[in-house]
Every structure is written in C-alpha cells, then in structure tokens.
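Any value given below was found using the heavy atoms of this structure, including those in side chains, with hydrogens, waters and symmetry copies removed.
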Amino acid sequence: MAKKAGRGFILVCLQLLLCFSQLNCIRAKGEDGSDDEIKGMFVFGSSLVDNGNNNYLENSTAKADFLPYGIDFPKGPSGRFTNGKNVIDLLGEMLKLPCLIPPFSDPSTKGSKVVHGVNFASGASGILDDTGFLAGQVISLNQQIRNFETVTLPEVKKQLGVNRRENRKAMKKYMFIMGTGGNDYLFNYFVRKGGYNVSLETFTVNLTTSLSHQLKKLYRLGARKFVLMSVYPLGCSPMLNALRKDGCIEVMNQAAILFNDGLKSIIDAAKSDMPTSNLVLVNSYNIVTDIIQNPSSKGFKDANNPCCEVVPLTQLAGNGVSCKKGGRICMDRSAHVFFDGLHPTEKVNVEIAAKAFTSDLKTEVYPINVNQLIQL
C-alpha cells in the first residue's frame with residue numbers, strides 16, 4: 001500500500017512539473033509579468049540555423065537527424081547540424097525564452113507552441129529558389145516566408161488575440177533572424193558557374209537585391225527587429241581540404257566578403273526603405289576568421305579538420321559535408337572549430353552568440369548588438 005501511495009505521489013509531482021513547464025512555454029509575458037521583453041524569434045535561412053525542418057522532407061539528403069549529430073544536445077539528434085546547440089538555441093537562452101524554437105515542419109508546431117516563435121530554416125536552401133538542387137528537396141527562402149505569412153502569422157495573431165491593426169505592435173516584440181546566402185555560392189554559383197555566365201560581383205548584387213526584397217516582404221507583414229547573420233569564411237571549410245594546398249580558397253572567401261558588404265548596404269538603406277525597422281548584422285565571418293587564424297586564443301586546437309568522420313568529395317557518394325552515420329568522432333568536441341565539413345561546433349556557436357549579444361566592435365556587430373536591439 002505504501003509503495004502504491006509513493007508511486008502516486010511521484011506521478012502527481014511529475015504531472016505538476018510537466019504542467020508548469022508547459023505553462024512556462026506558452027506565457028506571452030516576461031517573468032515579472034511585464035510586456036516589455038522579446039516574446040520570441042522567427043528564424044529563416046539554411047543549415048546553420050535549421051532546428052530540424054529537413055527531418056520532415058522525405059526526399060532531402062541534407063539531414064542531421066542521426067548520430068553523431070546532436071551527441072551533446074540534451075535531446076540527441078534533432079536535425080541541428082552540429083554536436084550540440086546552434087546559434088538560435090543560444091540566442092534564445094540569452095533572450096530568456098522559455099522554450100526551444102520549434103521547427104515549422106513538425107506537425108505539432110501549432111497552437112500555443114508558436115507563441116514564442118517558429119523556425120522555418122532548411123538545410124541546403126538559399127536565397128534563390130534553385131539553390132539546394134543538389135540536396136533534392138529543400139525549403140527555399142521564398143517558401144519559408146510564405147509559410148510564415150499563410151500559416152504561422154495568422155496562428156500567432158490568434159494566440160495573442162490581436163487584430164490586423166494591432167499586428168505591428170505585436171510583431172515588434174519578436175526578433176526576425178535571417179541566416180542564409182552561403183549555399184547560393186557553394187552549391188549554386190560555384191557548382192554551375194558556366195550556367196550563370198555572370199561575374200561574382202554581378203551574381204552577388206542580384207543575390208543581395210533578392211534578399212532585400214524578401215526582407216521588405218517580412219517588413220510589410222509586420223517585422224520590425226531583424227538580425228542578419230553574415231556568411232562564414234566559405235573557403236576555409238574542411239569540405240574543401242582536398243581542393244586546397246595551403247590556406248583557404250580566396251575566391252570563395254571573396255564571395256563571402258562581397259555578400260556581407262551587401263548585407264551592410266541593406267542595413268544602411270533600411271533607414272529609408274523600411275523606416276520603422278531596426279536591423280543588426282552579426283559578422284560571423286570576422287568572428288570565425290579570428291578563431292581560425294588564432295585558435296589557441298579561444299581554447300581550440302584544430303581549425304582545419306572536421307570532428308566527425310566525413311566522406312570526402314573525392315570518394316564515391318561523398319559530399320564532403322555530412323557526418324557519416326555511425327562514423328568516427330573526436331573525443332574533445334570543444335577543441336574543434338568544425339564539427340562536420342561545413343558547420344561549426346557548439347563551442348564556436350557559443351562564441352558567435354555571445355558576441356552577437358554583447359560585442360561593441362563594429363567589425364563584429366553593426367550598427368549595434370542584439371542586446372541593444374531588444375531595447376528599441
């Protein structure tokens with residue numbers, strides 16, 4: 001009898017804890033009951049910010065829902081392209097959001113689950129609709145924005161109880177994160193350069209112009225606070241190790257620099273194009289480059305090789321990016337800059353998120369940091 005009573009008590013406690021955690025996840029106000037804090041994030045982009053949308057794409061080869069991905073993540077493999085948390089998870093913690101941002105493609109992402117934001121990002125996708133063709137099925141940036149407009153936005157407004165007139169005020173309490181662009185170079189322009197017959201500079205202008213239109217679309221839908229994640233130093237990624245002799249592939253790094261300069265121009269133009277918006281550029285290029293050039297200063301030991309076993313481009317069926325299912329993995333993930341052939345480890349993500357939130361260096365955040373953005 002005592003055992004049954006004990007079990008009953010434990011069961012009640014677990015139910016109360018579950019109930020409390022669910023209430024915590026659907027609260028729309030801050031812990032102090034105020035309405036001043038950021039309520040959540042809407043995330044758009046590619047694998048660097050994808051929280052698991054590609055798990056639900058049957059014909060996509062760009063997936064990370066298997067070990068060793070997620071080996072250090074509390075929930076195990078989740079579709080995040082790293083060993084643990086990605087930048088979105090870490091920014092969410094800094095914003096004191098009560099829950100991880102759920103992926104749009106998860107059928108359970110509805111109702112109260114959307115109150116603190118939704119992640120629309122898709123690994124291998126890009127700004128251009130045809131970027132990602134090598135991975136089969138992906139969700140392009142245009143489609144991600146349509147998903148926000150037609151499905152999530154009406155649901156959020158319903159959950160918050162706001163009408164059309166109140167939408168802008170409600171959306172001001174959300175951060176819109178954009179992390180895309182690299183795949184448009186790596187898996188589009190440089191793969192079929194002859195097909196475009198345009199210079200890198202012209203391609204970049206077209207790319208940033210397209211992104212500017214996409215940001216304006218979100219602005220018309222009510223978005224006011226934007227965080228733009230820059231493209232990493234593409235030419236330094238391990239997937240290109242077999243193609244380079246010494247150092248990084250400069251033409252690919254030059255592409256990233258051109259694109260990131262374009263992002264800065266978008267922010268400068270936003271003063272007239274999107275007059276009531278505020279945008280922040282997180283210059284991941286400079287942050288990651290500093291780590292690669294002087295890894296020991298941040299506690300890293302290997303800035304050239306992936307932590308997990310990757311099937312290289314030179315081998316049959318190798319893409320040079322993805323971890324091999326059940327393959328070898330380094331013991332000390334915190335010593336590596338890259339987890340697979342392209343994506344950073346959680347430790348690098350921690351560096352990026354911390355600088356995004358607190359840095360005062362214009363070379364790392366422009367024109368202000370994320371912490372200053374949420375005060376506006």
For the residue pair [X] and [Y], what are the closest heavy atoms and their distance?
X: T180; Y: S125; value: OG1-O, 4.5 Å
X: M229; Y: S284; value: CE-OG, 3.7 Å
X: G222; Y: N167; value: CA-ND2, 4.2 Å
X: N305; Y: H336; value: O-ND1, 3.2 Å
X: L207; Y: L128; value: CD1-CG, 3.6 Å
X: P233; Y: I292; value: CG-CD1, 4.2 Å

Applying side-chain hydrogen bond (donor to acceptor under 3.5 Å, both in side chains) to S140 and N142, what does each step give before you reach the verdict? CA-CA 5 Å; S140 69; N142 280 323; 5.3 Å; no

In Å, rounded to the nearest 0.5 Å, how long is the span from CG of D261 to CG of L281? 9.5 Å

Rounded to the nearest 0.5 Å, the CG atom of N86 sits from the CG atom of D50 at a distance of 8.0 Å

Y232 side chain vs H343 backbone, donor-acceptor pair below 3.5 Å: no

Can you tell me which residue among F300, F339, F338 is in a side chain to side chain contact (heavy atoms under 4.5 Å, CB included) with V348? F300

Report whether F120 and L100 are members of the same hydrophobic cluster (ILVMFWY, side-chain heavy atoms less than 4.5 Å apart, transitive linking). no

Salt bridge or not for R192 and D130, using N-O below 4.0 Å? yes

Ion pair K113/D106, N-O distance below 4.0 Å: no

Under the disulfide bond (SG atoms under 2.5 Å apart) criterion, do C330 and C307 qualify, and how do the steps go? CA-CA 5 Å; C330 65; C307 168; 2.0 Å; yes

Donor + acceptor pair across side chains of [X], [Y] (<3.5 Å):
X: Y56; Y: D65; value: no
X: R80; Y: S78; value: yes
X: T131; Y: D184; value: yes

Could you walk me through whether Y185 and F203 satisfy the ring pair (Phe, Tyr, Trp, His ring centres under 6.0 Å) test, starting with their C-alpha distance in whole Å, then the side-chain angles of each, then the deciding distance to 0.1 Å, before giving a yes or no? CA-CA 9 Å; Y185 292 101; F203 179 82; 5.5 Å; yes

Does any part of the side chain of M178, heavy atoms only, come nearer than 4.5 Å to the side chain of L211, both counted from C-beta? yes

